**Q** 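First the structure, which I've put down as structure tokens, then a few questions once you've had a look.
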There are 2 protein chains.
Amino acid sequence: MAGNSRQAGTSVTSRALAILSAFDEQHRTLSLSDIATRADLPLATTHRLLGELHRWGALDRLPSGEYVIGRRIWDIGHLAPTETGLRQVAEPFLHDLYGATLATVHLAVREGTEVVYLDRLRGNQSVPVVSKVGGRLPLHTTGVGKVLLAHAPAEVQDAVLASLTRITPYTITQPGALRRQLRQVLDKGYATTHEEMSLGACSIAVPVHRHDEVVASLGLVVPTLKGSEQRLYGALHVAAQSIGRRL
Amino acid sequence: MAGNSRQAGTSVTSRALAILSAFDEQHRTLSLSDIATRADLPLATTHRLLGELHRWGALDRLPSGEYVIGRRIWDIGHLAPTETGLRQVAEPFLHDLYGATLATVHLAVREGTEVVYLDRLRGNQSVPVVSKVGGRLPLHTTGVGKVLLAHAPAEVQDAVLASLTRITPYTITQPGALRRQLRQVLDKGYATTHEEMSLGACSIAVPVHRHDEVVASLGLVVPTLKGSEQRLYGALHVAAQSIGRRL
DNA sequence: GCACAGCTTCCGTTCAGTGGAAGGTCGGGC
DNA sequence: GCCCGACCTTCCACTGAACGGAAGCTGTGC
């Protein structure tokens, strides 16, 4: 039989990791064939490696035969500094901010030209949001994103402003308009959005500093900022200062 | 040179996973030598595999040369059903519970003879707790643990009751006394603790049902239950019922 | 009952992986 | 400033873990 007509230069480890990479937010449950396709691996190879990942707990197999990310990955994911550093320090402040405002609370960082959500608190009465912990959204359409973009290096700003995707009719897609807003973010110390990411959702966000560096952004999402902008800014600012002092 | 005096029967994938397994709550930052020792691998092998895991993002290397779990693991950990199922459904209820009580809120499941914490909310004024998301604690000393133990199969109860470790002077270590409490948990519908896990911390917890099965426990940690036990039980019960209906 | 899609198993061949040893780097102690 | 020890990095001849096409199996839909 055939076999051993392998792709030269590909390690076993990189194949196993390619299998893990096949999963994303749009693909949380995958069949063996799906994984083989997405990881660009032969079926037999995929089958063998899936068996090993499953035995260790990196993946689980559903009764339907499909695979999902396993508890073991969730477990060791919690050992990442992302989890034990900024998030852990910020956590009680986020909870207090939620308790004080009952608005959706976000803690986010910039990664390249995107926002990554490290934490999110929301109640049943909160404005529906599309953010997810671990998920990514654009920098130009979110409050936390505008804060992070305003404090980003020029080359990041240039890259983002060269490609402003419209998400709602209110999304800012003119580079000039966004640049003016980013300057205002630096002047005022906070950013706002008005239905630019989701209809019915407005937001306000502030930077979290470690020494002089902006390491994260803290934000709130509410139905409207009318009449509450300064109050929310005050609460955010205090929380962000407290977090920054503990870092 | 030597080389190729490999341990027979060990796959590359299992070695890479052994490296990831070297990390735990007590060992979040490890040197190359530490990892080699803990994964039972030769230095050269460890070095090569660490390079691959690092390139993919499963691990990061600190300026000191030590390794930590990388963002990539954190990212895909969020795709686990643990994250997208029970936790996501429960999240707004937990936040509301926190908003209503300002107590530390726990969502936990049983895994073998331990409690695993899926979520935890706490503010700056909350009672200090030792729980961590992704972390484990004993079943017999925590409120959520007693609930999960009361609803566990008999063989799990037997195993736990055969080995009741004392953690504080108030920890229940007599099997008869704990059995009586577990019966009370079933009768009353909730469990309590009084400084059995940590001095200064009392707790109350209820089961979360999916159909007839207890799939999790929801709990609160407070300085004292005096004068508030029924109120807290009411809040927990309503939240747990709501979560159960959404599952 | 048949066709098809997806999964599982096989196994001769081969190259990715092996790890002891040597060399390099760095930090601490004197 | 030097020395030592701990730790990390690199090498490479040899070999067995890994390879994957093909065949077989299973379940589903028509």
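Numbered from 1 within each chain, the chains take letters A, B, ... in sequence-line order. For clarity, every value in this text was computed on a predicted model and none was experimentally measured.
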**Q** Of all the choices, C/dT18, D/dG21, C/dG20, which nucleotide is nearest to the side chain of A/Pro42 once you look at every atom?
**A** D/dG21

**Q** Measure the distance from CD on A/Glu52 to C1' on D/dA18 and round it to the nearest whole Å.
**A** 10 Å

**Q** Out of C/dG20, C/dC7, D/dG20, which has the shortest distance to the side chain of B/Ala44?
**A** C/dG20

**Q** Under 4.0 Å between a side-chain N/O of B/Arg15 and OP1 or OP2 of D/dA18, yes or no?
**A** no

**Q** Round to the nearest Å and state the distance from A/Leu62 atom CG to C/dC7 atom P.
**A** 13 Å

**Q** Heavy atoms from C-beta onward define the side chain here; which of D/dA18, C/dT18, C/dT9 lies closest to that of A/Val12?
**A** D/dA18

**Q** With a 4.5 Å cut-off on side-chain heavy atoms, are B/Val68 and B/Arg28 touching?
**A** no

**Q** If you check every side-chain atom of A/Ser33, which of D/dC8, C/dG6, D/dG20 has the closest atom?
**A** C/dG6

**Q** With no hydrogens and no angle check, is any side-chain donor or acceptor of A/Thr171 less than 3.5 Å from a backbone partner on A/Glu196?
**A** yes

**Q** I need the CG-P distance between B/Leu30 and D/dC8, as an integer number of Å.
**A** 11 Å

**Q** What is the distance from CG of B/Leu50 to P of D/dC8, rounded to the nearest Å?
**A** 9 Å

**Q** Quick one: A/Leu41 CG to C/dG6 C1', roughly how many Å, whole number?
**A** 17 Å

**Q** Consider the side chain of A/Thr45, meaning its heavy atoms from C-beta on, and name the nucleotide among C/dC7, D/dT10, D/dC19 that approaches it most closely.
**A** D/dC19

**Q** Measuring only between side-chain heavy atoms, which start at C-beta, is A/Tyr117 closer than 4.5 Å to A/Val129?
**A** no

**Q** Taking NZ, NE, NH1 and NH2 as the nitrogens, is one of them in A/Arg136 or A/Asp24 under 4.0 Å from a carboxylate oxygen of the other?
**A** no

**Q** Is the phosphate of D/dC19 approached by A/Arg48 (side-chain N or O, under 4.0 Å from OP1 or OP2)?
**A** yes

**Q** Taking atom P of D/dC7 as reference, at what distance in whole Å does atom CZ of B/Arg61 sit?
**A** 13 Å

**Q** Could you tell me if B/Ser21 and A/Arg72 have a donor-acceptor pair between their side chains, going purely by distance under 3.5 Å?
**A** yes

**Q** I need the CZ-C1' distance between B/Arg38 and D/dC7, as an integer number of Å.
**A** 18 Å

**Q** For D/dC8, does either OP1 or OP2 sit under 4.0 Å from a side-chain N or O belonging to B/His47?
**A** no

**Q** Of B/Leu49 and A/Leu43, whose nearest nucleotide on DNA chain C comes first from the 5' end?
**A** A/Leu43

**Q** Rounded to whole Å, how long is the line connecting atom OH of A/Tyr67 with atom P of C/dT8?
**A** 6 Å

